[in-house]
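Here, residue 1 is the first one in the sequence, and each next residue gets the next number.
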Amino acid sequence: MKKRFDRLIAVIALCLATVAIILNVMVNKAPETFQPLYKVEISRIEHELSDGREVSAADYDNIINITADDGSGSLYDSQNEYVIRSINGRLYRIEYKDAHSDRNKGLAVIINISALLLFLIIMGILLYIRHSVIKPFSHVSDMPARLAKGVLAEPLKDNKNNYFRKFTWGLDMLREKLESSHARELERAKQEKLLLLSLSHDIKTPLSAIKLYSKALEKGLYTDREKQRQTAGSISEKADEIEGYVAEIISGLKTDVMTFEINNTEFYMSQVMDKIKIYYSDKLRELKTQFDIEPYNNCMLSGDPDRLEEVIQNIIENAIKYGDGKNISVSFSDEEDCRLITVSNSGCTLDDSELPHIFESFWRGSNTDNRKGSGLGLYICRQLMTGMKGDIFAEISGGLMKVTAVCRKC
C-alpha cells in the first residue's frame, strides 16, 4: 500500500509541474489581441513631428523621452527600450516602456509563486497522510488475516497514532478475546474428554456384570428361583448404576456452553436504540419488512450497552428468520424500576407449549422448517440479561411473537 501511495505522490508532483509549465508558456507566449499602447503613442508622435508640431514625452503615458539626433553619435546610447524613426529627414530616438510586458512578467512571477506554494501544500498534505495514516495502517493491515489463521499469541504494539489508536486497541482486544476463547475451548474439550473417558471406564464394570448375569440366565445356570431373583436384582442394580453415569454425562453437557464478559455501567437507552434504528431500518427496508420503533422517553439504564445491543440484535434476527417478514416493531414500557423493551413480529407459528424451552441451549422449535441455526441465540440473550441483573421472557399474543428484555434503570 505504501508503494502505491508513493507512486501516487510522484504522479501528482509530475502533474503539478506540468500545469505550472503550461501556465508559464501560456502567459509568455500568448498572442496579443490588441496593439500595445506604446506603439499607438509612437505613431501619434511620428504624425505630430512630421506636421512640425512641438512634442513632449510628458504628454504620453508610455513614452519616457524623445531625443533628436544632434550629430554627436549618442543617439543609440540608452538604457531604456527605444525605436529610431526618421522624420522630415531627421533621426529621432523615442524611448518607451512596455506596461503589457511588465504585467506579463509580474503575472508569471505570481503564477510561479502560487504554483510553488500549492505544490508544497499538496506535497505536505500527502506526506503527512503517508506518515500518519498509510504507514501506521500498513502495520496492522494484515492483522485480521493473521487472526483468522489462528496467530493469537503475538500482541499488537501500542500505537500512539491518533487515527488508529482505537482501531489498534480494538484489534488487540479481539486478539485477546480469541486467545482466551481458544484456551477455554481447549480446556473444555480436555475436561469433556477426561469426563467421557472416566465415565466410559466406570460404565464398563457394571456393563460386564450385566452381560455375565444375562448369559448365566440365558444358559439356565441358575435353576433356583431365589438365585434367579437375586440375579435379576443385580442386573437392575447395575442398570441403575449405568443410568447414574449417563445422568452425570448429561448433567456435564448441560452446563453453560458459553461464558460472557459483561462490563456493567450506566448509559442512556438512546445510545443503543439509535444504533439499532440505523442498522435495521436499512436492512429491513431492503427485505420489504415494515419496521417501527415507537417513541420513547429516554432514560439511564444499568448494564452493558454493547451487550444490550447484542441482545436486541439477536431478538430481531430471530424475528426476521422465523416471522413472516411483514412487520417487526419495538415497543417500550415501564414497571417499577425497570424499562421493558419488547420486540414483536408477525407470523408466529410456535406452539404455546414450546415457550418454556426457547431460552434453552441448542433447543430449536417446531417452526424452524429446516432454517439454519444453532439454537443458541435466545440462550445467549438470557445469559447476557442475567449478567446485567435483568431478565428476558417471551409470549404469544394475537399471532405475534413478543420477546421482552427487562433492563434495570439507574
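Proximity of N314 to I380: side-chain heavy atoms (C-beta onward) are separated by under 4.5 Å at one or more points. With contacts defined as side-chain heavy-atom distances shorter than 4.5 Å, the pair S346/L400 qualifies. Contact annotation: the side chain of I63 never approaches that of V55 to less than 4.5 Å [non-hydrogen atoms, C-beta and beyond]. Counting only heavy atoms from C-beta outward, the side chains of Q313 and K275 never approach each other to under 4.5 Å. Side-chain atoms of K283 and I316, non-hydrogen and from C-beta on, never get closer than 4.5 Å to each other. Between V330 and Y296 there is no side-chain heavy-atom pair separated by less than 4.5 Å. Contact annotation: the side chain of Y280 never approaches that of I328 to less than 4.5 Å [non-hydrogen atoms, C-beta and beyond]. Between N65 and N80 the shortest side-chain heavy-atom distance does not fall below 4.5 Å.
Smallest separation of non-hydrogen atoms from C410 and S302: SG-N, 3.8 Å. Minimum heavy-atom separation, G303 to P305: O-CD, 3.7 Å. When all heavy atoms are compared, the tightest approach of G325 to T289 is O-OG1, 2.8 Å. Taking every heavy atom of both residues into account, V83 and Y96 meet most closely at CG1-CE2, 3.9 Å.
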Practice prompt. Please report the C-alpha distance between N318 and L378 in whole Å, then the side-chain angles of each, then the deciding distance to 0.1 Å, and finally whether the side chain to side chain contact (heavy atoms under 4.5 Å, CB included) criterion is met.
Written response: CA-CA 8 Å; N318 263 22; L378 293 178; 3.3 Å; yes
Worksheet item: When you look at I358 and M401, which way does the side chain to side chain contact (heavy atoms under 4.5 Å, CB included) test go after all the steps?
Response: CA-CA 12 Å; I358 65 174; M401 180 69 181; 3.8 Å; yes
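Note that the CD1 atom of I276 and the CD1 atom of I312 stand 5.0 Å from one another [nearest 0.5 Å]. One finds the CD atom of E95 at 6.5 Å from the CD1 atom of I64 (value rounded to the nearest 0.5 Å). For the atom pair CG (L284) and OH (Y279), the distance works out to 9.0 Å, reported to the nearest 0.5 Å. Interatomic distance, R382 CZ to L384 CG, rounded to the nearest 0.5 Å: 11.5 Å. Between Y60 atom OH and I45 atom CD1 the span is 5.0 Å, to the nearest 0.5 Å. Once rounded to the nearest 0.5 Å, the distance linking CE of M385 with SG of C407 reads 4.0 Å.
Within 6.0 Å of NZ on K326 lie no more than 12 heavy atoms contributed by other residues, nucleotides or ligands.
At distances below 3.5 Å, not a single donor-acceptor pair connects side-chain atoms of D51 with backbone N or O atoms of R53. Remark: side-chain polar atoms of E294 are paired, donor with acceptor, to backbone N or O of F332 under 3.5 angstrom.
Salt bridge absent: D274 and K277 never bring a charged side-chain N and a carboxylate O closer than 4.0 Å. We find that R307 and E310 are joined by a salt bridge, their nearest charged nitrogen and carboxylate oxygen being less than 4.0 Å apart.
Here S86 pairs with L91 under the side chain to side chain contact (heavy atoms under 4.5 Å, CB included) rule; sequence neighbours left out. For F393, the ring-ring contact (aromatic ring centres under 6.0 Å, His included) criterion is met by no residue, not counting sequence neighbours. D240 pairs by the salt bridge (Lys or Arg N to Asp or Glu O under 4.0 Å) definition with nothing, not counting sequence neighbours. E395 meets the side chain to side chain donor-acceptor pair (under 3.5 Å) test with no other residue; sequence neighbours excluded.
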Can I get a per-line list of side-chain donor-acceptor pairs under 3.5 Å for residues 262-273, giving both atom names and the distance, sequence neighbours left out?
from	atom 1	to	atom 2	distance (Å)
N264	ND2	G387	O	3.1
S270	OG	N298	ND2	2.9
Q271	OE1	Y268	N	3.0

Return a table of donor-acceptor pairs under 3.5 angstrom between the side chains of residues 337-345 and protein atoms on other chains or two or more places apart.
from	atom 1	to	atom 2	distance (Å)
D337	OD2	R408	NH1	3.4
R339	NE	D334	OD1	2.6
R339	NH1	N297	O	3.0
R339	NH2	N297	O	3.1
R339	NH2	D334	OD1	3.4
T342	OG1	T404	OG1	2.8

